[in-house]
Structure formats: structure tokens, C-alpha cells
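Note: hydrogens, waters and symmetry copies are ignored here, and every other heavy atom, side chains too, is used.
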Amino acid sequence: MRVIYRILAVGVALVLAAVAAVVGFVSSGSSDQPGGGKTGQIAAPSAAPPSPGPGSPEPSAPVSASASEQASPSESPAETTAPSSSSEDWESAPDRSAVIAALADPRVPELPRDKRLGRLPGKAYKSKRRVEDDRSGVSLIRFGKPWKVFGASPFSTRQVLPKVKGIAHRAMLVSCPVPILVQRKAKDTALLAARWTLNHHPKGSRIAWVASQPIKDGWLLAYRVKYKIKKKTRSSMAAVAVVEAPGAKPAMLFVTIPDTQSKRWRDINTAISSLRLK
């Protein structure tokens with residue numbers, strides 16, 4: 001019996017030794033695998049990870065980080081920013097990024113040196129009748145025939161000349177608070193307003209400056225707007241006046257008359273000189 005017990009004891013010892021050897025082999029082998037070791041943690045990827053090898057899954061790109069780097073606030077087009085209604089806009093406007101964007105527009109050339117607007121063709125119109133723009137805080141001349149008061153929307157006031165056959169663009173004189181972001185300088189605000197008025201000229205219109213001058217409480221820009229109608233080059237004479245008004249935003253007067261009605265161009269001088277604060 002003692003011999004049998006000894007044989008059994010030796011067998012058990014051999015089995016235990018074999019199990020210990022297998023466990024030790026497995027433990028030592030696991031530390032050689034990627035991400036192995038004492039901590040078992042995988043290191044975070046670097047900012048510029050190496051290209052994945054064939055068959056390796058591609059890492060997801062950090063979309064939010066790259067988007068924020070590519071679209072900095074200074075590069076955002078100002079035309080897309082809604083105008084603020086703060087009463088401090090006229091005195092404390094944002095940087096000139098909107099002006100830089102406007103001058104990058106191929107339709108808008110660099111502003112000329114200050115130059116006064118001369119007398120335009122036509123006869124001077126005299127009238128004591130006025131149009132009151134309560135929304136903008138200004139008043140201006142009310143022309144008689146052939147001008148007539150027309151539906152104002154989207155402006156505050158609007159006067160128009162009769163349509164000319166074959167010309168979709170209509171002569172008009174309007175007033176409203178400036179529809180663009182107000183700048184520190186009235187001249188810059190007038191520039192953005194003039195660019196905005198291209199929305200009311202034929203497609204493909206381009207500006208050619210005629211005058212740029214300070215006026216009481218603001219700035220005046222006069223310009224020719226050139227465009228093509230049925231492959232024929234045509235133009236309109238136009239002007240934008242921006243003035244500081246009692247309201248939350250400066251007031252804008254905009255007038256445009258096509259060359260087919262050039263005998264009425266002198267009305268632009270009259271309209272500008274008639275602008276008054278209420």
C-alpha cells in the first residue's frame with residue numbers, strides 16, 4: 001500500500017508541475033503582444049498618425065477640429081451676418097472683414113479718392129412736397145410726374161419712374177435703414193450698401209465709381225452700373241447716401257435711373273441734396 005501511495009503522490013506532483021509550466025508560458029507570451037505589458041493600456045494616437053497598412057481600418061478624422069481651423073471668424077463673409085439693431089452700431093462696428101470681402105468681389109472696384117458729384121444731365125426739379133420716412137428717421141423730396149409713389153416693400157419709401165419697354169430694370173428712389181452690417185466709418189458702410197444695391201440691377205452688373213464724398217452726418221457714393229441686355233451693353237446711374245439718423249441704424253437713400261431715361265439723371269442730384277434728418 002505504501003508503494004501505491006508513493007506512486008500516486010509522484011503522479012500528482014508531476015501533474016502540478018506541468019500545469020505551472022503552462023501558466024508561466026502563457027503569461028510570458030502575452031506581454032509581447034501590442035498593447036500588452038503591466039498596464040495593458042493602448043497609447044493614444046498622435047496628432048499625425050502613420051498611414052494604415054493594407055487591411056488595417058482607417059482612423060476617423062477629427063472633423064470638428066479641422067472645420068474650426070478652416071473657417072476663422074475673420075474669413076467669414078460679412079454679408080451673411082444679420083445686421084444688429086444695436087444703437088451703438090454706428091460708433092462701434094466690427095473689423096473691416098466685410099469691406100475686404102466686398103472689395104474682393106469682381107463686381108466692386110477699389111474706391112476712388114474723394115471726389116464730389118457734379119451736375120448730372122437733365123433739368124433740376126423743384127418741389128416743396130416731402131416723403132416722411134419714420135422708420136429711418138429721415139425725409140426726402142417727393143417728385144411729381146413722371147415719378148410716382150409706389151409700394152414701398154421691402155424698403156420704407158419708394159418712388160419710381162414709368163417702365164421702359166425692353167428694360168426690366170426700373171428707375172427708383174428709395175429709403176430705408178441700411179440693410180447691411182454697419183461699419184466704423186460711414187464710407188465703408190456706404191461701400192457695403194452700394195454692393196448690396198446690385199441685387200436691384202440686372203444680373204451680371206458691375207460698378208464703376210463716379211463720386212465719393214462726405215455729406216452731413218454721412219457719406220455719398222455715386223456710380224455707373226454696367227450690364228448687358230440681349231448682348232448689348234447698357235448702364236444706369238446710381239447713388240447711395242448713408243447718414244446717421246436718430247434710429248438704431250443709419251438711414252440709406254438709394255436711387256438708380258437707367259440710361260434710357262438719362263434725361264432724368266439730374267434728379268439724382270436733387271434727391272441727394274433733399275435728404276434731411278427728421
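In this structure, Arg206 has no side chain to side chain donor-acceptor pair (under 3.5 Å) partners at least two apart in sequence or on a different chain. Take Arg113 and apply the side-chain contact (heavy atoms from CB on, under 4.5 Å) test, not counting sequence neighbours, and it matches no residue. By the side-chain contact (heavy atoms from CB on, under 4.5 Å) test, Ala152 is found to be paired with no residue, residues two or more places apart in sequence or in another chain being considered. Residues that satisfy the side-chain contact (heavy atoms from CB on, under 4.5 Å) test with Pro146, not counting sequence neighbours, are Leu161, Pro162, Arg264. Residues passing the ring-ring contact (aromatic ring centres under 6.0 Å, His included) test with Phe155 are His200, sequence neighbours excluded. Every residue two or more places apart in sequence or in another chain that forms a ring-ring contact (aromatic ring centres under 6.0 Å, His included) with Tyr125 is listed here: Phe143. Residues that satisfy the side-chain contact (heavy atoms from CB on, under 4.5 Å) test with Lys187, not counting sequence neighbours, are Leu111, Asp114, Ser212, Trp219. Taking the side chain to side chain donor-acceptor pair (under 3.5 Å) definition, one finds that Ser236 meets it with His169, Tyr227, sequence neighbours left out. The salt bridge (Lys or Arg N to Asp or Glu O under 4.0 Å) test applied to Arg266 returns no partner, not counting sequence neighbours.
Contact annotation: the side chain of Leu173 approaches that of Leu253 to within less than 4.5 Å [non-hydrogen atoms, C-beta and beyond]. Residues Met237 and Arg224 form a side-chain contact, since some pair of their non-hydrogen atoms from C-beta on lies under 4.5 Å apart. No side-chain heavy atom of Val178 sits less than 4.5 Å from a side-chain heavy atom of Phe254. In this structure, the side chains of Leu191 and Val99 come closer than 4.5 Å at one or more pairs of heavy atoms. Using a 4.5 Å heavy-atom cutoff, the side chains of Leu220 and Leu117 are in contact. Between Arg135 and Pro177 there is a side-chain heavy-atom pair separated by less than 4.5 Å.
The backbone N or O of Gln183 lies less than 3.5 Å from a partner atom in the side chain of Thr189, making a donor-acceptor pair. In this structure, Ser136 contributes its side chain and Val138 its backbone to no donor-acceptor pair below 3.5 Å. Between the side chain of Gln159 and the backbone N or O of Ile141, at least one donor-acceptor pair lies under 3.5 Å. Trp209 contributes no side-chain N or O that, together with a main-chain N or O of Leu221, makes up a donor-acceptor pair within less than 3.5 Å.
Nearest heavy-atom pair, Cys176 versus Ser156, reported as atom, atom and distance to 0.1 Å: CA-OG, 3.5 Å.
Applying the salt bridge (Lys or Arg N to Asp or Glu O under 4.0 Å) definition to pairs two or more places apart or across chains, those involving residues 227-236 are Arg234-Asp259. Counting only residues at least two apart or in different chains, salt bridge (Lys or Arg N to Asp or Glu O under 4.0 Å) contacts with residues 161-182 are absent. Among pairs with a residue in residues 99-109, those fulfilling salt bridge (Lys or Arg N to Asp or Glu O under 4.0 Å) read Asp105-Arg107, Asp105-Arg195, at least two apart in sequence or across chains.
Taking OG from Ser235 and NE2 from His201, the interatomic distance works out to 9.5 Å, rounded to the nearest 0.5 Å. Distance check, rounded to the nearest 0.5 Å: CE of Met252 to CG of Asp133 gives 10.5 Å. Atoms CG and CD1, from Leu198 and Ile207 in turn, are 4.5 Å apart once rounded to the nearest 0.5 Å.
Side-chain heavy atoms closer than 4.5 Å link hydrophobic residues (I, L, V, M, F, W, Y) into clusters, and following such links, possibly through other members, connects Leu277 to Leu140.
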Could you walk me through whether Val243 and Lys216 pass the side-chain contact (heavy atoms from CB on, under 4.5 Å) check?
CA-CA 7 Å; Val243 296; Lys216 186 178 181 181; over 6 Å; no
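Between the side chains of Thr157 and Ser175, at least one donor N or O lies within less than 3.5 Å of an accepting N or O.
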